[in-house]
Amino acid sequence: MLTYERRGSGPAVVLVPGLGATRDFFALAAADLGRDHTVVAVDLPGHGATALGDGAEPTLRDAAAGLRAVVESLGLTDIALVGWSLGATVAWTYLEEYGTGGVRALVSCEQTPWLLADGGWEYAAFGSLDAAAAKDLLEQVRQDPAGFAENLVRGSFATGSEPDPELAADLVRKARRTAPAALTGLLADVLRQDWRERVGSLGVPTLLVHGARSGVYPPEVGTWLAKAVPGSRLEVFEDSGHLPFLEEPDRFCAAVRGFLAPAGPDTAPAGPGTAAAPHGSTPAPHDTNGR
């Protein structure tokens with residue numbers, strides 16, 4: 001089972017971070033959404049406090065199975081899955097493996113359905129990653145996993161921006177501690193995954209979140225996904241790169257909260273003034289099954 005941190009009370013929201021990231025990347029969003037939701041943030045296999053069971057390279061199915069174990073152990077029902085980057089693919093895999101029962105909505109943040117540019121696909125990772133470059137990238141990860149993790153974090157902020165040095169350094173420290181086998185295993189698996197014919201069949205109301213200044217995936221992939229996923233809603237964050245929940249946290253939480261409002265996912269997105277429990281209210285329950 002994945003390690004997790006749980007806080008708040010109310011409708012359940014499960015946060016799934018991306019490659020090389022920990023649940024701490026979602027700290028701002030978890031604290032905000034935890035004012036009126038039960039928020040569970042997990043660490044993927046080999047990330048943060050989640051150890052690798054036998055040292056083998058994990059797959060997306062392994063991550064989805066660990067996520068399923070968390071959901072079942074906590075007795076969560078009617079959950080909203082919020083997956084970012086590779087964490088979005090974990091969420092897609094969860095829905096494909098375990099179905100939509102118990103899942104009321106999906107927030108897919110900054111992910112493409114196919115990471116390779118082969119065959120004329122315009123929305124590959126970094127805009128042009130092809131099979132040969134992907135092979136080289138995997139070798140770079142094997143040779144210098146900590147360096148890869150650091151470069152991934154620093155390259156995730158909005159193109160042309162100057163992120164807060166302390167924030168960037170803290171995220172880098174957490175990313176560099178990711179188990180090398182977790183980086184290579186999950187990256188290799190996601191590079192094999194072509195969701196272009198599958199993502200439209202996930203079967204739950206979906207909010208798509210993309211940064212207009214992302215250097216990790218072409219922002220236009222959001223428009224492609226909005227056409228491919230029936231009934232989905234697209235939110236483009238003009239001042240964000242690959243990290244909308246950190247670069248525009250208030251707007252991100254307002255968009256998620258509005259999408260998940262009690263009236264249902266068809267409710268119009270809420271603005272920055274969305275009503276929620278005041279920051280000064282009594283602290284909600286907060287626990288973790290790991291460090």
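If you read the sequence from its start, that first residue is 1, and numbering goes on from there.
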Go through the side-chain N and O atoms of [X] and [Y] and say whether any donor and acceptor fall under 3.5 Å apart.
| X | Y | value |
| --- | --- | --- |
| T89 | Q193 | no |
| T38 | S9 | no |
| E248 | S240 | yes |
| Q140 | D136 | no |

[Y] and [X], any side-chain heavy atoms less than 4.5 Å apart:
| X | Y | value |
| --- | --- | --- |
| P218 | E122 | no |
| L106 | L207 | no |
| L67 | T93 | no |

Query raised in the report: Do W92 and W195 have ring centres separated by under 6.0 Å?
Result: yes
Query raised in the report: Are the aromatic ring centres of W114 and W224 under 6.0 angstrom apart?
Result: no
How close do [X] and [Y] get, heavy atom to heavy atom, and via which atoms?
| X | Y | value |
| --- | --- | --- |
| P244 | F252 | O-CB, 3.9 Å |
| G20 | H47 | N-NE2, 2.9 Å |
| D43 | A49 | OD2-N, 3.0 Å |
| L2 | A63 | CD1-O, 3.9 Å |
| H210 | L234 | CD2-CD1, 4.0 Å |
| L52 | A181 | CD1-CB, 3.7 Å |

Report task. List the steps, then state whether side chain to side chain contact (heavy atoms under 4.5 Å, CB included) holds for V40 with L76. Result -> CA-CA 10 Å; V40 177; L76 301 177; 4.0 Å; yes
Query raised in the report: Can you name the ring-ring contact (aromatic ring centres under 6.0 Å, His included) partners of Y217, sequence neighbours left out?
Result: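 Residues passing ring-ring contact (aromatic ring centres under 6.0 Å, His included) with Y217: H242.
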Query - Partner residues of Y94 under the ring-ring contact (aromatic ring centres under 6.0 Å, His included) criterion, sequence neighbours left out - result: Y98
When you measure from the side chain of [X] to the backbone N and O of [Y], does any donor-acceptor pair fall under 3.5 Å?
| X | Y | result |
| --- | --- | --- |
| E247 | A158 | yes |
| D130 | D118 | no |
| T100 | V204 | no |

Whether [Y] and [X] form a salt bridge (side-chain N of Lys/Arg under 4.0 Å from carboxylate O of Asp/Glu) is what I want to check.
| X | Y | value |
| --- | --- | --- |
| D32 | R257 | yes |
| R233 | E235 | no |
| E139 | K135 | no |

Requested in this report: Check the angle between the aromatic planes of W84 and F26 and answer parallel, tilted or perpendicular using the 30° and 60° thresholds.
Outcome: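 The rings of W84 and F26 stand perpendicular, inter-plane angle above 60°.
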Query - Point-to-point distance, once rounded to the nearest 0.5 Å, from OG of S108 to CG of L208 - result: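 One gets 5.5 Å once the value is rounded to the nearest 0.5 Å.
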Requested in this report: From the options L95, V71, L202, select the one residue that forms a side chain to side chain contact (heavy atoms under 4.5 Å, CB included) with V103.
Outcome: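 The side chain to side chain contact (heavy atoms under 4.5 Å, CB included) with V103 is passed solely by L95 among L95, V71, L202.
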